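The block underneath contains the structure these notes are about, expressed in structure tokens.
Numbering of ligands and ligand atoms starts at 1, following listing order. Since we're looking at a predicted model, the values are computed, not measured.
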Amino acid sequence: MCGIVGYIGKREIKSRLIEGLRELEYRGYDSAGIAVMQNGRIDSFKAVGKLSNLEEKTKSFSTDGLGAGIGHTRWATHGKPTELNAHPHMGEYSYVVHNGIIENYREIKQMLQEEGVAFLSQTDTEVIVHLFELEAQRRSDLFDAFKATIEQLDGAYAVLLVTQKAPDTIFFARKGSPMIIGRNDEGELFFASSDAPLIGEAKEVAYMEDGTIGYVTPDTIHAEPENLVFVPLSGDKATAQKGGYRFFMEKEIYEQYDVMSDTMMGRVLDSDIFFEEIGDSFLDGITRIKLCACGTSYHAALASGYLFERLSKIPVNVEIASEFRYKEPLLGSDTLFIVISQSGETADTLEALRMAKEAGLKTLAICNVDNSSIVRLADTTILTRAGIEKGVASTKAFATQVMVLWMLSLYFAKRRGSMDTEAIKEELRFMHYVPKVLQKSLEVHEKCKRLSKRYLHGHGFFFIGRDIFFPLALEGALKLKEISYLHAEGYPAGEMKHGPIALADAELFTIALMPKTLLYDKTKSNVEELSARDSTILSISPEMFDLADDFILTHPHNHPMLEFFEMMVVEQLLAMEIAIRLGNDVDMPRNLAKSVTVE
Ligand code: AGP
């Protein structure tokens with residue numbers, strides 16, 4: 001997602017900014033830009049796509065001597081990834097970069113337009129720079145004008161602003177989006193939205209608290225309401241990218257709280273669900289859905305099958321892409337063909353999409369990587385906005401896929417009238433609660449770490465669950481086998497008695513997903529059957545279960561999807577801790593690749 005850098009010093013400014021942005025590339029972005037201020041003049045450059053495009057555009061530009069600059073990589077949320085929508089956004093004489101979302105930007109924009117301000121972009125960010133210039137007309141002190149601007153913003157932001165009226169000065173503010181300031185013995189100052197660009201440049205850094213506002217010049221650092229507290233910065237670039245976590249997978253599990261908010265941003269509203277990606281007539285004539293994917297993405301599809309039928313009352317069929325390709329499928333033009341892929345490059349899914357297109361079906365991709373092959377081929381795409389996922393074992397991408405599919409099932413429900421307005425509102429209320437659930441679910445990490453030592457042997461794991469917790473069981477088993485190399489299967493809890501129960505003994509580990517909000521008693525009976533055959537049971541549930549050998553207590557929730565997301569995190573943490581104890585490379589498990597571009 002978006003990244004911010006800033007610099008004041010005597011070294012060449014453009015290179016400092018672009019190098020800083022390069023350290024943030026791993027977060028994903030679709031355009032980039034910089035504004036460089038020297039001798040009272042500001043030059044700004046923007047480019048869509050990779051940083052190399054920005055480098056190309058700026059190759060004949062350089063600075064010599066003291067100056068200041070700000071830079072940004074943008075992951076589009078409000079408005080398409082175009083050069084006009086890329087940051088920095090400019091006013092008459094000032095430039096701004098921003099991470100986060102300005103929730104009241106429409107009201108501010110309208111007010112500014114009434115004042116005669118013309119807007120160039122579709123972004124929420126542009127209001128900041130125009131508002132600042134309006135406030136600057138009203139008062140002589142520019143910092144007062146900046147404070148008056150920030151006071152009017154609702155939402156989340158990390159903001160850097162430069163203006164020709166204050167040479168060699170950067171104004172900054174932070175609320176809800178991270179911002180760090182660094183300094184070194186050479187008198188240079190740096191800003192960044194995460195540690196990575198500061199490593200090797202800054203000697204010490206201050207992590208700004210929410211509500212911090214201030215400005216820096218070559219010899220002043222002014223922050224309100226409290227002074228910044230600088231601490232030494234250590235570490236190498238690799239650890240910085242992992243943000244202090246042992247593995248990318250761990251970092252990505254912990255990021256789920258943040259990225260889920262990004263996934264919902266501008267789409268999950270208080271009483272409505274909105275996808276700018278789906279045109280008005282796109283779903284006309286659609287009476288059924290076919291979902292097609294591989295691996296973890298297939299599990300997300302399977303979970304959504306329950307949601308689409310239950311909430312949107314639309315028939316759904318879910319297929320594994322590698323099977324679909326050769327089964328000579330019957331495809332009707334009333335079917336919406338949805339492919340799900342983290343990478344957007346999976347060969348089997350891509351081919352399935354091609355077949356659907358050739359058969360004349362409308363196609364929708366749910367994908368994490370913009371401009372990937374699948375995105376380019378599908379009629380339309382909903383990006384999951386999980387940010388780059390480095391761990392081969394998918395975590396945050398899965399979480400965001402499930403979220404988008406849940407959102408989409410509500411979108412269909414509204415369109416088809418299968419749920420009334422109140423019921424939709426109620427569902428949206430639960431959706432808004434998901435990031436909090438993901439954060440709270442991390443509380444069991446320590447418990448997973450301790451429990452993991454008991455699950456390093458045995459002749460196999462069965463993850464069991466019912467309804468949407470069956471695909472989650474499949475996903476738990478896949479996570480475990482991918483990184484621990486232990487044998488694990490996911491199974492519908494009610495199906496165990498039809499065969500697999502024959503395997504039950506003390507060395508068979510049953511991981512039982514026992515949500516309270518969905519078929520609790522039914523699942524419990526199935527687990528009792530396994531316990532009676534002496535299987536070792538680990539129950540994951542908000543309710544204590546007498547017959548479990550071990551349990552991980554989850555928080556009580558009033559909605560199955562909230563239980564789903566909490567249990568998902570537990571499964572991810574447990575798999576990771578078992579794999580770590582076994583000494584495996586969690587991020588790059590043997591025999592696996594992040595992008596499976598072969599059949
Ligand atoms: C997930 O942990 C796996 N690495 C794998 O199953 C993956 O989900 C599958 O290869 C599909 O990839 P995609 O989502 O990029 O299409």
Side-chain angles (χ1 to χ4, degrees), residues 28 247-253 255-256 259 263 291-304 318-325 337-354 356 363-378 381-405 463 471-486 488-490 568-569 571-576 578-579 584-599:
F247 293 95
F248 280 110
M249 181 184 180
E250 185 175 25
K251 175 168 174 274
E252 286 156 7
I253 293 171
E255 272 172 5
Q256 291 180 113
V259 299
T263 304
L291 295 130
C292 203
C294 301
T296 286
S297 301
Y298 168 69
H299 298 154
L302 274 183
S304 76
V318 185
E319 307 245 14
I320 291 183
S322 54
E323 286 298 308
F324 173 83
R325 290 179 64 170
F337 195 83
I338 303 181
V339 285
I340 305 163
S341 175
Q342 186 287 128
S343 62
E345 302 297 344
T346 303
D348 287 319
T349 312
L350 186 59
E351 183 52 31
L353 175 62
R354 226 172 251 137
T363 57
L364 165 68
I366 294 175
C367 190
N368 197 37
V369 181
D370 201 3
N371 293 316
S372 56
S373 306
I374 285 179
V375 169
R376 290 199 307 272
L377 187 63
T381 297
I382 299 176
L383 291 173
T384 45
R385 303 179 182 162
I388 290 181
E389 189 179 66
K390 287 203 167 177
V392 166
S394 183
T395 51
K396 60 178 182 170
F398 173 71
T400 55
Q401 288 168 346
V402 174
M403 189 64 179
V404 165
L405 287 159
F463 284 70
L472 188 61
L474 288 172
E475 176 57 13
L478 181 67
K479 281 295 82 84
L480 185 66
K481 63 187 145 202
E482 280 188 297
I483 57 176
S484 72
Y485 319 140
L486 295 170
E489 278 191 58
M568 172 198 78
V569 175
E571 288 183 340
Q572 295 167 344
L573 291 171
L574 190 66
M576 185 186 75
I578 291 175
N584 298 346
D585 183 341
V586 167
D587 286 333
M588 276 182 273
R590 69 184 185 203
N591 306 338
L592 299 180
K594 188 69 188 158
S595 245
V596 186
T597 51
V598 291
E599 204 185 326

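Tested against F463, the residues K479, E489, E571 include a single side chain to side chain contact (heavy atoms under 4.5 Å, CB included) partner, E571. Here the options are K396, Q256, E252, the test is side-chain hydrogen bond (donor to acceptor under 3.5 Å, both in side chains), and the partner is Q572; only Q256 passes.
Near S394, the atoms of ligand 1 lying under 4.0 angstrom from a non-hydrogen atom of the residue are 1 (C), 2 (O). Counting the atoms of ligand 1 from 1 in the order shown, those under 4.0 Å from a heavy atom of A393 are 2 (O). Within ligand 1, the atoms closer than 4.0 Å to a non-hydrogen atom of S297 are 8 (O), 13 (P), 14 (O), numbered from 1 in the order shown. Atoms of ligand 1 found under 4.0 Å from any heavy atom of Q342 (numbered from 1 in listed order, with element): 13 (P), 14 (O), 15 (O), 16 (O). Against a heavy-atom cut-off of under 4.0 Å, S341 is close to the following atoms of ligand 1: 13 (P), 14 (O), 15 (O), 16 (O).
The nearest heavy-atom contact from the protein to atom 10 (O) of ligand 1 is V596 CG2, 3.8 Å. Protein heavy atom in closest approach to atom 3 (C) of ligand 1: E482 OE2, 2.9 Å. The protein non-hydrogen atom at the shortest distance from atom 15 (O) of ligand 1 is S343 OG, 2.6 Å. Among protein heavy atoms, atom 9 (C) of ligand 1 sits closest to C294 O, 3.8 Å. Of all protein heavy atoms, the one lying nearest to atom 12 (O) of ligand 1 is T346 OG1, 3.4 Å. Looking only at heavy atoms of the protein, atom 8 (O) of ligand 1 is closest to T296 N, 3.1 Å.
Put simply, the side chain of V375 does not reach to within 4.5 Å of the side chain of V369, judged on heavy atoms.
Across S484 and I578, no two heavy atoms sit closer than the pair CB-CG2, 4.1 Å. Counting all heavy atoms, side chain and backbone alike, E389 lies closest to A397 at OE2-N, 3.0 Å.
Taking the charged nitrogens against the carboxylate oxygens, R325 and D348 do have a contact shorter than 4.0 Å, which makes a salt bridge.
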Can you list the steps and then say if T296 with E475 is a side-chain hydrogen bond (donor to acceptor under 3.5 Å, both in side chains)?
CA-CA 6 Å; T296 286; E475 176 57 13; 2.9 Å; yes
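Contact annotation for E345 and ligand 1: no heavy atom of the residue comes within less than 4.0 Å of the ligand.
The shortest N or O to N or O distance between V392 and ligand 1 is under 3.5 Å.
For T381 (side chain) and I366 (main-chain N/O), no donor-acceptor pair under 3.5 Å exists by modelled atom type.
Atoms OG1 and CD1, from T349 and I374 in turn, are 5.0 Å apart once rounded to the nearest 0.5 Å.
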